[in-house]
Amino acid sequence: MTWLRLVRGELRKLTTTKLPWGFLAVLVVIAGINAAVVMFGTDMDGSKRFIATATDQQSLMAFAFNAMIGTALFGAIAVAREYGHNTVVPMFLMSPRRPRAVLAQLTAVLLGGGVLGFAGQALIIAGVAAALPSTQYGFMVAAGNVTQLLAASTLAGALGAVLGAGLGAIIRNLGGAVTAVVLVLFILPPLIVQLFNNAASWIPPTLGAVISGVSTDVNLWAALAVLLAWGLVPAALGLLAVQQRDVV
């Protein structure tokens, strides 16, 4: 079986389950919350200065790090449950060369994560834009910055998905994989910052803000390279783990 057919098969597995639709429903809720914040939220003095400038609006809508968290859970669940239900066995029977099969699985999850990241950002932008007419402010974010937001969330979503998929392949237990995502993206970054003084610029929340155009803590290209490492290193470890042990 060709690698592209393997990828199509993995995509069919993802799109014929309720998993991506559940995550999409969560994204709709998040977009609604953002719209509600614009309509009803105020600063301490009762004003709406948090949406008073284009920079403020862009910062409010930036979704890259949240996209990474959500799709990391998506990737972890998608892969770990395959081992839990032994549905991974047919994949390896169709392609005994494990690296090809795992790369096809990772590619499908990456594409799914990218779509979810893009959809989440687009929904948030639409929600904020729809809510702004209820305030004294209009939509101020330039088209180029909107494009950057969409690109950043798409990339972060794709990388989050392969990060989660790698952890799912390593742990092969649904609860353990989800816990690992929480450890890697929620608990590990603050610990790294505590241990290394200059590490705050290189953790996913900061990197997501940089590629979204709402922070200049580090150079954009450096931020992209380090964010790639956050996603691809766990994926590579997952690939190695699958090669080194029994399927079940």
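FYI, the numbering just counts along the sequence from 1.
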Carefully, step by step, assess Ile30 and Phe63 under the rule side-chain contact (heavy atoms from CB on, under 4.5 Å).
-> CA-CA 10 Å; Ile30 293 173; Phe63 186 63; 4.3 Å; yes
Listed by chain and number, what are the side chain to side chain contact (heavy atoms under 4.5 Å, CB included) partners of Val146, not counting sequence neighbours?
-> Ile125, Phe139, Val141, Leu150
All pairs passing ring-ring contact (aromatic ring centres under 6.0 Å, His included) where residues 180-204 contributes a residue, at least two apart = none
Does Thr55 offer a backbone N or O that forms a donor-acceptor pair with the side chain of Ser59 under 3.5 Å?
-> no
Taking C-beta and beyond as the side chain, do Leu224 and Leu155 meet within less than 4.5 Å on heavy atoms?
-> yes
Val184 reachable from Leu237 in the ILVMFWY side-chain graph, under 4.5 Å edges = no
Is Val226 reachable from Val162 through a run of hydrophobic residues whose side-chain heavy atoms are each under 4.5 Å from the next?
-> yes
Test item: Gln136 side-chain N/O and Ala52 main-chain N/O as donor-acceptor pair under 3.5 Å = no
Closest heavy-atom pair, Phe74 versus Gly113, reported as atoms and distance to 0.1 Å, is CE2-N, 4.0 Å
Where Arg81 and Ile77 come nearest, the two heavy atoms and their spacing = CG-O, 3.0 Å
Contact summary for Leu27 and Leu116, nearest pair of heavy atoms = CD1-O, 3.3 Å
If Ile, Leu, Val, Met, Phe, Trp and Tyr residues are connected whenever their side-chain heavy atoms lie under 4.5 Å apart, and connections chain through other members, are Val182 and Phe23 in the same group?
-> yes
Contacts of type ring-ring contact (aromatic ring centres under 6.0 Å, His included), residue Phe118, not counting sequence neighbours | none
Any chance you could measure Leu159, atom CG, to Trp230, atom CH2, to the nearest 0.5 Å?
-> 12.5 Å
What closest approach, in Å, do Ala72 and Leu163 show between heavy atoms, and which atom pair accounts for it?
-> CB-CD2, 4.3 Å
Please examine the side chains of Leu149 and Gln58, heavy atoms only from C-beta on, and report whether any two atoms are closer than 4.5 Å.
-> yes
Please round to the nearest 0.5 Å and tell me the distance separating atom CG of Leu191 and atom CG of Leu195.
-> 6.5 Å
Sequence neighbours left out, what passes side-chain hydrogen bond (donor to acceptor under 3.5 Å, both in side chains) with Asp56? Give chain and number order.
-> Thr53
Sorted by chain and residue number, the ring-ring contact (aromatic ring centres under 6.0 Å, His included) partners of Phe65 (sequence neighbours excluded) come out as none
Closest approach of Ala67 and Gly117, non-hydrogen atoms and distance?
-> CB-CA, 4.1 Å
Taking all non-hydrogen atoms of both residues, which atom of Ala78 and which atom of Leu14 are closest, and how far apart?
-> CB-CD2, 3.8 Å
Under 3.5 Å, is there a donor-acceptor pair between the side chain of Glu10 and the main chain of Ala108?
-> no
Enter the distance from Leu123:CG to Leu24:CG here, rounded to the nearest 0.5 Å.
-> 6.5 Å
Donor-acceptor under 3.5 Å (Thr206 side chain, Ala200 main chain) | yes
Quick one: do Tyr137 and Val38 satisfy side-chain contact (heavy atoms from CB on, under 4.5 Å)? Show the steps, please.
-> CA-CA 10 Å; Tyr137 301 106; Val38 171; over 6 Å; no
Common cluster, Leu110/Leu185, ILVMFWY with side-chain heavy-atom separation under 4.5 Å = yes
Mind checking the OG1-CG spacing from Thr154 to Leu111? Nearest 0.5 Å is all I need.
-> 11.5 Å
Cluster link Met61 to Leu132, ILVMFWY, side chain under 4.5 Å | yes
Can you measure from CD (Gln105) to CD (Glu82) and round to the nearest 0.5 angstrom?
-> 5.5 Å
Interatomic spacing from CD1 in Ile203 to CG in Leu227 - rounded to 0.5 Å = 11.5 Å
All N/O donor-acceptor pairs, side-chain side in residues 208-219, below 3.5 Å, sequence neighbours left out:
| from | atom 1 | to | atom 2 | distance (Å) |
| --- | --- | --- | --- | --- |
| Ser212 | OG | Gly208 | O | 2.8 |
| Ser215 | OG | Asp217 | N | 3.3 |
| Ser215 | OG | Asp217 | OD1 | 3.1 |
| Asn219 | OD1 | Trp221 | N | 2.8 |
| Asn219 | OD1 | Ala222 | N | 3.2 |

Arg49 backbone acceptor or donor facing Asp43 side chain under 3.5 Å | yes
